[in-house]
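To keep things clear, I will list the structure first and then write my remarks on it.
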Amino acid sequence: MENLAIARVFEEIADLLEIKGENPFKIRAYRNASETIAHATEQLSRCTEAQLRAISGIGKELAAKIREFAETGEIRYHRDLLEQFPPTILDLLHLQGVGPKTVALLYGQAGISTLDELEAACRDGRLRELKGMGKKKEELILKALAERKQRTGRHLMPDAAEAAGLLLEYLHAQCPEVNFSVVGSLRRGVDTTGDIDILATGVDPRVMPAFTSYKLVDRILGQGDTKSSVLLWGGFQADLRLVPEQSRGAALQYFTGSKAHNILLRDRANLRGFKLNEYGLFRLDTGVATAGQREEDIYEQLGLASIPPELREGRGEIEAAERGELPGLISLDDIRGDIHAHTTATDGREDIETMALAARDAGLSYLAITDHSKALAMANGLDEHRAIEHARRVREIGSRLDGITLLAGIECDIKPDGTMDLADDCLAELDVVVASIHSAFNQEAAQMTDRVLRAVANPYVDIMGHPTGRLLLKREPYKVDVPALVDAAAAAGVALEINCQVDRLDLCDTHAKLARDKGVKIVISTDSHAKGGFRLMKWGVTVARRAWLSAEDVLNTRTVEGFKAGLRRNVKRSSD
DNA sequence: GCCGTTTTCGGCCCGACTGTTTTCAGTCG
């Protein structure tokens, strides 16, 4: 959480420097560092200056500022900048279509520093008096102001994927000769996304009109021969780019991003005497294209193995590709079991047998039934007696079903003091125990971390469920020290869950990668509360791919015997 | 403000669309 605070301060510094018209490369340095810090897995406030400077993009000045923040809780440079402008000025900068130059003009020439003042200036015609401002610009700003009031901005990846799928289906029907692909953050599998990026390749004059006249278009933001943007109902922005078929690979590469990955790749191209853009890879000396049609050719020409889209985040994938050390990523087909599901015994919608058959239909060969424990009274959680009885029924039903093996488990609450909600002798009777937090989310970091570490220390805890408790776009993760949890899990042989509920996706990609790097096993589970829930497995697998995981890193890719043998309770027993 | 296979100075990714500009600046991705 402290990293995020530092990242936010650097971002604000960058914004303010931009309004001041400072050196753009200095501004970029702050933005790059902000991005790096936001995704760092180690707690930067605990790093020495030398450790900080070892991070790419952090030099003498920025390392000193991070140290300053760690020691004093603020950065003087940031405060000085804020004193030069009203803090509300940053709201203006974040409006669609308003950039730093416009903000500087608004503030410097008209004294406008809040959204309300800006709206008033538009309405009474004062905006048009400013240089470079006209009627259109005024309308644009009024629309952006209105949208800001209703638009949430980002969306869950699966929601965006669904909207993108419908749009693609429509476009393909309109222009069957043209190739359409989803690119951008959606192709990389990022957990939330701000817009839908579509690439079209081929020649067909109907592409752009078809796109802008799609029935779900709320309004058109921009329209040209090769690039258009629209706002869809529901708040999705969709962008379409059209390039010739011979540039398909280069355009796929370019528009998939991420920005950080592309900057590194272009840098590499330049060093090797090439220019890389969305049309192809060109020799700098002759201008001749040496790649463009196929995406993998771009990477090959630059001396790299093909990098899967999920890894293209500028987090070491280029170096790994150069050394031929990219992992063979897990895929949905590798998953054999699901280790987290609920039934009508607690807050699920289906009975044991229905869930078992649905799991089998979804292609799984084993399923752990893990209903809630008694602390979750609202969900009719199981006490020791009911848990044992429920386990007996799960095993009984499992014994007469073909094609699916049932495991009797529990999702046991971790109480606020770190003890488990059910007695050890009850947990010992079960096949698998998932331990989760569903209460007292607001504990301070030290207490929350201690609570989680106590749970890991319980010999009957096999898996930590949704370990950070975040709800995407809704609730921040609770203040658990994830690196400490990872170290403890590694030492104890406890697995960490990637929960597939689309608003959880918890662990997130960077934490799951940290766990993998430390040798912690991962379990990918749907947390299904109804028979349709097993379809969510693919989203957890996407997170796992973004975390560089291969099938060997994930326990539930094993056969049921292999899975059970990998559980902490069984591993420990043999080594004790 | 960062960084270095030619560099401790002089670079730093590149192109499309819009609006107000009569030749281009601002914004976005």
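Naming convention: chains lettered A, B, ... in sequence-line order (proteins, then strands); numbering from 1 in each chain. No hydrogens, no waters, no symmetry mates; every other heavy atom, side chains included, goes into these values.
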Please tell me which of the listed nucleotides, dG1(B), dC12(B), dG15(B), lies nearest to the side chain of K275(A)?
dG15(B)

Separation between the C1' atoms of dT27(B) and dT21(B), rounded to whole Å:
16 Å

Before accepting this row, confirm whether a basic side-chain N of the pair D191(A)/R504(A) lies closer than 4.0 Å to the acidic partner's carboxylate O.
no

Check whether any side-chain heavy atom of V103(A) lies under 4.5 Å from a side-chain heavy atom of E18(A), and answer yes or no.
no

Report the residues that fulfil side-chain hydrogen bond (donor to acceptor under 3.5 Å, both in side chains) with E11(A), sequence neighbours left out, ordered by chain and then residue number.
R31(A), S34(A)

NA contact type, N23(A), heavy-atom cut-off 4.0 Å: base, sugar-phosphate, or nothing?
base

With sugar-phosphate meaning primed atoms plus P, OP1 and OP2, does R28(A) contact a base, only sugar-phosphate, or nothing at under 4.0 Å between heavy atoms?
base

Could you list the residues that satisfy side chain to side chain contact (heavy atoms under 4.5 Å, CB included) with A64(A), not counting sequence neighbours?
none

May I ask you to evaluate whether K135(A) reaches the phosphate of dT18(B), defined as a side-chain N or O under 4.0 Å from OP1 or OP2?
no

Identify the pairs formed between an N or O of the protein and an N or O of nucleotides 3-7 of chain B at a distance under 3.5 Å, and give each distance.
residue: dC3(B); atom: OP1; partner: G57(A); partner atom: N; Å: 2.6

side-chain hydrogen bond (donor to acceptor under 3.5 Å, both in side chains) against D239(A), all qualifying residues, sequence neighbours excluded:
S229(A), Q237(A)

Can you pull the salt bridge (Lys or Arg N to Asp or Glu O under 4.0 Å) pairs that have at least one residue in residues 297-312 of chain A, sequence neighbours excluded?
R294(A)-D297(A), E295(A)-R312(A), E310(A)-R545(A)

Please enumerate all residues that pass side-chain hydrogen bond (donor to acceptor under 3.5 Å, both in side chains) together with D124(A), with sequence neighbours excluded.
R126(A)

State which residues pass side chain to side chain contact (heavy atoms under 4.5 Å, CB included) with P158(A); sequence neighbours excluded, sorted by chain then number.
L156(A), V502(A), W539(A)

Test of understanding: with side-chain hydrogen bond (donor to acceptor under 3.5 Å, both in side chains), list the residues that count as partners of E83(A), not counting sequence neighbours.
none

Could you tell me which residues satisfy side chain to side chain contact (heavy atoms under 4.5 Å, CB included) with K227(A), sequence neighbours excluded, listed by chain and number?
R241(A)

Quick one, give me the B/S/- string for nucleotides 23-29 of chain B, reading 5' to 3', where B means a protein heavy atom under 4.0 Å from the base and S means that only happens at the primed atoms, P, OP1 or OP2.
---SSSB

By a strict heavy-atom criterion of less than 4.0 Å, which residues belonging to residues 110-130 of chain A are in contact with DNA chain B?
none

Distance-only donor-acceptor pairs under 3.5 Å for side chains of residues 162-181 of chain A, two or more places apart:
residue: Y170(A); atom: OH; partner: A210(A); partner atom: O; Å: 2.8
residue: S181(A); atom: OG; partner: R248(A); partner atom: NH2; Å: 2.8

